[in-house]
Amino acid sequence: MKDTYFKIRRPFTRRQHRYDIGSPVGFWNLYDDNHFLARLYQIGNDEQEAFYEYHLQYATGNGKCTESEFYAHVREIVADHIEALRKESPFSKNHGRNRANLKMLRIFRDYLISINTYRYLDPIDITITRYNSEINELKKQVAQKEQLLKEMKAFETDQKIRITKGYLYTVVDLIQQLPDLRIPDGKDMRLVRSSNEMVWVKMISRYFQHGDEDISQQTLRSYFPADKKNPGTKYRPVQDKHKIYHIVAKQ
């Protein structure tokens with residue numbers, strides 16, 4: 001096709017370059033946009049920039065258009081095809097392929113936006129459509145987070161377990177004993193285990209209070225070192241005077 005901006009393959013021959021567009025036979029008139037995108041889908045996301053640059057150099061090198069004209073031409077093709085795919089029925093037999101192509105087109109569109117040095121602006125209807133789509137996606141994410149927050153609140157409480165004043169570190173000592181307890185089946189398995197020591201710090205701070213006062217995590221950090229074998233210089237053991245209870249297995 002003589003007036004296309006894109007490098008096409010010659011009829012009934014192999015491609016001279018893997019980025020050349022078109023099929024060996026068929027009608028070209030007014031379908032070069034389809035062939036351009038069809039080849040893009042085959043090339044994949046990793047070569048989008050090289051694919052675009054290949055056809056840009058061909059178009060500008062042969063005097064077919066300026067860089068800005070080529071850019072605008074490709075942006076319009078991508079915008080038109082994104083809109084066309086969005087309008088496709090989700091029950092179409094091509095739905096899976098359409099979704100994959102739409103995702104790839106959006107990635108290609110984002111690449112084109114990133115290299116926009118030509119003061120190109122999408123037509124207002126396309127811009128509004130894209131923003132509406134993004135807003136709807138954000139609304140969906142907000143709804144999901146609100147539902148998650150609602151589910152989490154079901155386990156929350158404004159009330160805390162009150163530790164008698166002066167016995168905070170007695171409770172800390174009891175909690176420190178929990179990971180050392182073994183289940184009574186002879187397999188030497190722990191009764192409880194945590195992913196890291198900060199779990200205990202957060203639990204005490206969130207659900208307990210010392211007298212009438214809240215307990216800051218900073219107060220507890222030094223009693224629950226990340227590495228018990230090498231606790232570091234900031235580690236503070238519970239003093240013996242606070243070690244009132246010792247948890248033992250029932251005989």
Side-chain angles (χ1 to χ4, degrees), residues 44-49 99-100 102-104 106-111 113-115 131 133-251:
N45 293 333
D46 293 340
E47 297 183 60
Q48 285 184 349
E49 180 177 356
R99 285 187 61 186
L102 182 58
K103 181 179 180 180
M104 189 174 297
R106 285 171 171 163
I107 293 174
F108 188 45
R109 178 198 63 193
D110 292 343
Y111 160 70
I113 292 173
S114 73
I115 62 170
Y131 286 165
S133 177
E134 292 173 353
I135 289 171
N136 289 335
E137 181 61 29
L138 289 174
K139 286 182 177 179
K140 185 186 299 184
Q141 294 178 13
V142 169
Q144 292 173 344
K145 292 183 183 300
E146 287 179 344
Q147 179 61 31
L148 179 61
L149 183 61
K150 182 179 179 180
E151 294 173 358
M152 292 176 63
K153 283 184 175 180
F155 299 96
E156 293 296 326
T157 175
D158 294 331
Q159 305 299 318
K160 291 188 176 184
I161 301 171
R162 180 176 297 180
I163 301 171
T164 300
K165 191 70 175 179
Y167 288 87
L168 170 61
Y169 299 111
T170 299
V171 174
V172 169
D173 177 57
L174 287 171
I175 292 175
Q176 286 180 341
Q177 294 180 49
L178 294 179
D180 295 326
L181 301 180
R182 299 296 193 273
I183 61 175
D185 64 354
K187 295 182 179 180
D188 198 37
M189 295 181 64
R190 295 179 185 274
L191 177 65
V192 296
R193 63 176 67 238
S194 62
S195 56
N196 58 67
E197 293 299 294
M198 276 301 297
V199 173
W200 303 112
V201 173
K202 292 179 179 180
M203 183 190 73
I204 299 172
S205 177
R206 177 67 185 87
Y207 295 106
F208 291 77
Q209 64 183 99
H210 187 203
D212 295 325
E213 300 176 354
D214 289 335
I215 305 170
S216 71
Q217 293 185 20
Q218 194 62 36
T219 300
L220 302 171
R221 284 179 185 271
S222 57
Y223 291 92
F224 293 90
D227 187 348
K228 291 184 177 181
K229 294 181 179 179
N230 297 290
T233 57
K234 294 183 178 181
Y235 170 64
R236 297 176 61 185
V238 175
Q239 297 180 19
D240 289 341
K241 65 180 181 179
H242 296 300
K243 296 181 178 182
I244 301 174
Y245 307 100
H246 181 64
I247 303 175
V248 296
K250 182 178 179 181
Q251 300 298 322

**Student:** By side chain to side chain donor-acceptor pair (under 3.5 Å), which residues pair with R190, not counting sequence neighbours?
**Tutor:**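 R190 satisfies side chain to side chain donor-acceptor pair (under 3.5 Å) with no residue once adjacent residues are dropped.
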**Student:** Partners of H242 by ring-ring contact (aromatic ring centres under 6.0 Å, His included), sequence neighbours excluded?
**Tutor:**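 H242 satisfies ring-ring contact (aromatic ring centres under 6.0 Å, His included) with Y169 once adjacent residues are dropped.
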**Student:** Nearest 0.5 Å, what's the OG-NZ distance between S194 and K202?
**Tutor:**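 So the OG of S194 and the NZ of K202 are separated by 11.5 Å.
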**Student:** Tell me if the CZ atom of R206 is crowded by more than 12 foreign heavy atoms within 6.0 Å.
**Tutor:**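 Result for CZ/R206: enclosed.
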**Student:** For K241 versus I244, what's the shortest heavy-atom pair and its separation?
**Tutor:**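 Here K241 and I244 meet closest at O-CG1, 4.1 Å.
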**Student:** Under 3.5 Å, which donor-acceptor pairs do the side chains of residues 142-151 form with other protein atoms, sequence neighbours left out?
**Tutor:**
{"from": "Q147", "atom 1": "NE2", "to": "E151", "atom 2": "OE2", "distance (Å)": "3.2"}

**Student:** What distance separates Q176 CD from K243 NZ, expressed to the nearest 0.5 Å?
**Tutor:**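 The CD atom of Q176 sits 7.5 Å away from the NZ atom of K243.
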**Student:** Please check if the number of heavy atoms outside Q141 that lie under 6.0 Å from its CD is greater than 12.
**Tutor:**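 Correct, the count exceeds 12.
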**Student:** Return all side-chain donor-acceptor pairs below 3.5 angstrom for residues 214-226, not counting sequence neighbours, or 'none' if the list is empty.
**Tutor:**
{"from": "D214", "atom 1": "OD1", "to": "K160", "atom 2": "NZ", "distance (Å)": "3.3"}
{"from": "S216", "atom 1": "OG", "to": "T219", "atom 2": "N", "distance (Å)": "3.2"}
{"from": "S216", "atom 1": "OG", "to": "T219", "atom 2": "OG1", "distance (Å)": "2.7"}

**Student:** For residues 174-197, pull every pair meeting ring-ring contact (aromatic ring centres under 6.0 Å, His included), keeping only residues two or more places apart or in separate chains.
**Tutor:**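 Qualifying pairs, neighbours excluded: none.
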**Student:** What are the two closest non-hydrogen atoms of Q209 and G211, and how far apart are they?
**Tutor:**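 Scanning both residues completely, I find the closest heavy atoms to be NE2-O, 3.1 Å.
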**Student:** Is there a donor-acceptor pair under 3.5 Å between the side chain of R182 and the backbone N or O of D180?
**Tutor:**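 Answer holds: yes.
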**Student:** Which residues pass the side-chain contact (heavy atoms from CB on, under 4.5 Å) test with E47, not counting sequence neighbours?
**Tutor:**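 Per chain and number, E47 pairs via side-chain contact (heavy atoms from CB on, under 4.5 Å) with R18, Y19, I43.
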**Student:** More than 12 heavy atoms of other residues, nucleotides or ligands under 6.0 Å from OH of Y167: is that the case?
**Tutor:**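 No, because the 6.0 Å sphere around OH of Y167 holds 12 heavy atoms or fewer from other groups.
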**Student:** Does K228, at its NZ atom, have more than 12 non-hydrogen atoms belonging to other residues, nucleotides or ligands within less than 6.0 Å?
**Tutor:**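 Yes, NZ of K228 has more than 12 neighbouring heavy atoms, counting only those of other groups under 6.0 Å.
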**Student:** Inspect the surroundings of CG in D46 and state if more than 12 heavy atoms from other residues, nucleotides or ligands are less than 6.0 Å away.
**Tutor:**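 Counting neighbours around CG of D46, 12 or fewer heavy atoms of other residues, nucleotides or ligands fall under 6.0 Å, so no.
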**Student:** Does a sphere of radius 6.0 Å around NZ in K165 hold more than 12 heavy atoms from other residues, nucleotides or ligands, not counting ones at 6.0 Å or beyond?
**Tutor:**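 Enclosed.
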**Student:** Specify the closest pair of heavy atoms between L178 and V192, including all atoms of both residues, with the distance to one decimal.
**Tutor:**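 Residues L178 and V192, closest heavy atoms: O-CG2, 3.6 Å.
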**Student:** Please check if atom OH in Y245 has more than 12 non-hydrogen atoms from other residues, nucleotides or ligands closer than 6.0 Å.
**Tutor:**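 Not buried by this count: 12 neighbours or fewer within 6.0 Å.
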